[in-house]
2 protein chains.
Amino acid sequence: MAQPEPRKSEGVTKPAIIQEPARFPVTKDVAERAGVSTATVSRVLNGTARVRADKHEAVMKAAEELGFVANGAARALSKRRFMAVGAVVPNIENEAFIRLLSSFQDRLRQEGYTLIAANSGYDIDNVLREATFLIERGIDGLMLVGDIHHPLLHARIERQKIPMVQVFTLSAERACIGFDNAASAARATSYLLDLGHTRIGVISGLRKDNDRGGARVEGIHQALAARGLRMLPEHDVEISYGIGGGRDGFRQMLASGVEPPTAIICGTDQIAFGTMIEARSRGLDIPGDLSVIGHNDSDFAAFLSPPLTTINVHSAAIGRAAGDHLLARMSGRATIRLTEIDAELIVRGSTAPPRSHLRA
Amino acid sequence: MAQPEPRKSEGVTKPAIIQEPARFPVTKDVAERAGVSTATVSRVLNGTARVRADKHEAVMKAAEELGFVANGAARALSKRRFMAVGAVVPNIENEAFIRLLSSFQDRLRQEGYTLIAANSGYDIDNVLREATFLIERGIDGLMLVGDIHHPLLHARIERQKIPMVQVFTLSAERACIGFDNAASAARATSYLLDLGHTRIGVISGLRKDNDRGGARVEGIHQALAARGLRMLPEHDVEISYGIGGGRDGFRQMLASGVEPPTAIICGTDQIAFGTMIEARSRGLDIPGDLSVIGHNDSDFAAFLSPPLTTINVHSAAIGRAAGDHLLARMSGRATIRLTEIDAELIVRGSTAPPRSHLRA
DNA sequence: TCACTTTTTGAAACCGATTACAGGTGACGA
DNA sequence: TCGTCACCTGTAATCGGTTTCAAAAAGTGA
């Protein structure tokens, strides 16, 4: 078992053969092997200038044989281009953001850019932290969700002159791809009002540091006010995300003691699903006793019973447009500051006129 | 409207004031402002060596005032560490992989590493392409899903000496964090057999280039064979992922004309959900007429009616362990080649003894 | 063949941080 | 006061590509 003790002389001799750092090949190695200069290697491999056919071939052959892979850091340093963009989203596990990132990445990938995504957990300080981390990495562009961020963040982005685009929002100052959250929520509310609902509630995720969520609730209030109605404070509940959250939210609303709403607008389809489950478990009929509207048109929304009416925010289209926008900015092309990709109400079976309305 | 023609002399004069490249500050700028050398700036900012208090302060102040942000590429080049790891997953929109990536990233982030994720769409050539792209970027480590990859890929990884770990699989040769897909599927099958089922079917996603999916089906076959049973070819269907896929799959199974199975094991909870919907729409009772098992324990699984029996593959735990593993390898620490994080059958209401069995 | 373009090419500078190394400083004991 | 040592600090080399510049080679027309 015991290793034989190495002979002393071996220890003294330089460990030539054994140690052999086995570094991976660099341009210089390729250049030597092909009998050209490193400049020529670079020219061949990047196609940046004409090179005589025989040398071209020699370089290709040498690179192939050595299994040469360019060092990205060195390239980024000399080109002053990192070929990567960053994105900070509130929650990487949320379907809307996944679709956003997925289409955003696809678009960038087409032009050779890499996406580095981070999540902030809906915390303004985390957005700053993660974005700074990405900026230090050297990203060439940045996508953020929403318009309200740490003031230091904007300063940092401007200082580094990093092209930035905000999504799911329309801001007065910065480049945005998105929609008017208040207006779209107001539209959904008007739809419910037109059906005859007057007691409308909302169950949303946490609204702290979340301008979109806040704007949506604001839009609902406005639409109600426009018809001389208002929402009871007990009908406005804020929960942590998810199906369980939806159940809790609705339970909480009922526990408040006031007369329950006849319609609820939920922050996500998951919350809407939870609300439906809780309502059903209490013997309520959907949509007869309670209409429910979700957000994002998740896979399962159309398959619930009844199928869920939901607001499709077109995450994938927004991601693609954000990619287009940043790619343009990064290559110095002109861009439109605001791109509106309107949210759309998909009416399915979970909404109907309220019973009271039918009776009247 | 027309711009006034610029005076000729202006054209000749160098555009000094206007142009001003406005480069962002680099170490040298900080050094000058603080009256020290760049070496000291580096030492202060990284805390790599003691520096006299007054200089330390001067550097911090200068860096702050200039809004200095270190250039990641330069740092990566000189440290020969990129501080990023890559991951290639089959489908970024699949819940299991999202959880995997999310926990993997959290773990890495704790040690200052960045995750760069790519997806392959279950295509072996895409895995090669994306992984190569990441390697060129200079990643310090790599996570792959499954054990079967393009031979060139392994060669490339070895050549560049990049620590790599495979997840959701247990391979004979390479470092893995995962479980035995065949064994866990066999266990689920045995559970159904113990309930009295004899006609068991499977609906899975595409199995091409997907060793995990293949192994699972294999495990089911083995468990059946162990009791002298076998699966009808008509009961083995392969579909594209999703709820719609599940519906199609079950419809296809019924359309084949043979007697339908009394239990079905599905590749994902989405597929299981689709199967349940389709079965229900045909007047079948679950679990009375059909038992259904899913995979991954999605959020909604517990909330379906009946709640879905499913195999929890512990994606988050696997992601965390994969992070631990790579972090250890990247800092030269010893690691265990195989870590088994066993999948677990969560029994809920969608499985029960078959009617025929009860009658008997 | 010669003068003059045009195309290819290599040497060396450069990107911006880290770090090996050598030199400088001050403290302390003799 | 001097030597020694511990501790700081700056100079310069380094990482591995890209790119500028000027020289060399090749092509062109007379």
Side-chain angles (χ1 to χ4, degrees), chain A residues 21-60 62-63 66-84 112 135-140 160-161, chain B residues 21-60 62-63 66-84 112 135-140 160-161:
Chain A
R23 287 197 312 84
F24 27 75
V26 297
T27 352
K28 203 170 146 219
D29 301 321
V30 177
E32 274 166 17
R33 188 170 243 260
V36 300
S37 71
T38 62
T40 297
V41 172
S42 170
R43 286 191 269 253
V44 169
L45 265 26
N46 296 294
T48 39
R50 290 202 57 76
V51 169
R52 230 173 49 211
D54 57 336
K55 302 213 172 192
H56 186 283
E57 204 174 321
V59 169
M60 293 304 270
L66 291 171
F68 172 75
V69 173
N71 179 313
R75 168 176 290 160
L77 180 59
S78 68
K79 292 242 261 202
R80 242 130 339 143
R81 265 300 175 102
F82 185 47
M83 294 304 282
I135 292 171
E136 283 175 359
R137 266 18 194 57
I139 50 164
D140 303 312
Q160 301 282 321
K161 305 222 185 314
Chain B
R23 288 197 310 84
F24 29 77
V26 298
T27 351
K28 205 171 146 219
D29 302 321
V30 178
E32 274 167 18
R33 188 170 242 263
V36 299
S37 72
T38 61
T40 298
V41 171
S42 171
R43 286 190 270 255
V44 169
L45 265 25
N46 295 296
T48 38
R50 290 200 58 76
V51 169
R52 227 172 52 212
D54 57 336
K55 301 212 174 197
H56 186 282
E57 205 174 319
V59 169
M60 292 305 269
L66 291 171
F68 172 74
V69 173
N71 180 314
R75 168 176 290 160
L77 180 58
S78 69
K79 293 241 260 203
R80 247 142 316 161
R81 264 300 174 99
F82 185 47
M83 295 303 284
I135 292 171
E136 282 174 0
R137 263 25 194 58
I139 51 164
D140 303 313
Q160 300 284 318
K161 304 221 185 313

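By convention in this document, chain letters (A, B, ...) are assigned in the order of the sequence lines, proteins followed by strands, and residues within each chain are numbered from 1.
- The interatomic distance linking Glu32(B) (CD) with dG16(C) (P) rounds to 13 Å, in whole Å.
- Nearest heavy-atom pair, Phe68(B) versus Thr27(B), reported as atom, atom and distance to 0.1 Å: CE1-N, 3.4 Å.
- Listed by chain and residue number, Ile135(B), Glu136(B), Gln160(B) satisfy the side chain to side chain contact (heavy atoms under 4.5 Å, CB included) test with Val69(A) (two or more places apart in sequence, or in another chain).
- Lys28(B) has its NZ atom 16 Å from the P atom of dT18(C), to the nearest Å.
- Considering only residues two or more places apart in sequence or on other chains, Glu57(B) meets the side chain to side chain contact (heavy atoms under 4.5 Å, CB included) condition with none of them.
- One can place CZ of Phe24(B) at 12 Å from P of dC15(C), the figure rounded to the nearest angstrom.
- In the helix from dT1(C)-dA30(D) to dA30(C)-dT1(D), the rotation axis of the first five pairs and that of the last five pairs differ in direction by 40°, rounded to 10 degrees.
- Taking atom CG on Asp140(B) and atom P on dC15(D), their separation rounds to 18 Å, with Å as the unit.
- Remark: Arg33(B) engages Glu65(B) in a side-chain hydrogen bond (donor to acceptor under 3.5 Å, both in side chains) (not counting sequence neighbours).
- How far NZ of Lys161(B) is from CG of Asp140(B): 15.0 Å, rounded to the nearest 0.5 Å.
- In the set dA17(C), dT18(D), dG16(D), the nucleotide with an atom closest to the side chain of Lys79(A) is dT18(D).
- Taking atom CG of residue Leu77(A) and atom C1' of nucleotide dT18(D), one finds them 10 Å apart after rounding to whole Å.
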Between the protein and nucleotides 5-12 of chain C, which nitrogen or oxygen pairs come in under 3.5 angstrom?
from: dT8(C); atom 1: OP1; to: Arg50(A); atom 2: NE; distance (Å): 3.1
from: dT9(C); atom 1: OP2; to: Arg52(A); atom 2: N; distance (Å): 2.9
from: dG10(C); atom 1: OP1; to: Lys55(A); atom 2: NZ; distance (Å): 3.4
from: dG10(C); atom 1: OP2; to: Ser37(A); atom 2: N; distance (Å): 3.2
from: dG10(C); atom 1: OP2; to: Ser37(A); atom 2: OG; distance (Å): 3.2
from: dG10(C); atom 1: OP2; to: Thr40(A); atom 2: OG1; distance (Å): 2.6
from: dG10(C); atom 1: N7; to: Arg43(A); atom 2: NH2; distance (Å): 2.7
from: dG10(C); atom 1: O6; to: Arg43(A); atom 2: NH1; distance (Å): 3.4

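- Arg81(A) has its CZ atom 24 Å from the P atom of dG16(D), to the nearest Å.
- Remark: Arg81(B) pairs with Tyr113(B) by the side-chain hydrogen bond (donor to acceptor under 3.5 Å, both in side chains) rule, at least two apart or across chains.
- For Ser78(B), there are no side chain to side chain contact (heavy atoms under 4.5 Å, CB included) partners, not counting sequence neighbours.
- Between Ser42(A) and dT18(D), a side-chain N or O to OP1/OP2 separation shorter than 4.0 Å is present.
- The distance between atom NE2 of His56(B) and atom P of dC8(D), rounded to the nearest whole Å, is 12 Å.
- Under the side chain to side chain contact (heavy atoms under 4.5 Å, CB included) criterion, Ala34(B) pairs with Val36(B), Ala58(B), Val59(B), Ala62(B), sequence neighbours left out.
- For Ser42(B), the side-chain hydrogen bond (donor to acceptor under 3.5 Å, both in side chains) criterion is met by Asn46(B), not counting sequence neighbours.
- Note on Arg75(B): a side-chain N or O is less than 4.0 Å away from OP1 or OP2 of dT18(C).
- Rounded to whole Å, the distance from CD on Glu136(B) to C1' on dG16(D) is 15 Å.
- The phosphate of dC15(D) (OP1 or OP2) has no side-chain N or O of Asn71(A) nearer than 4.0 angstrom.
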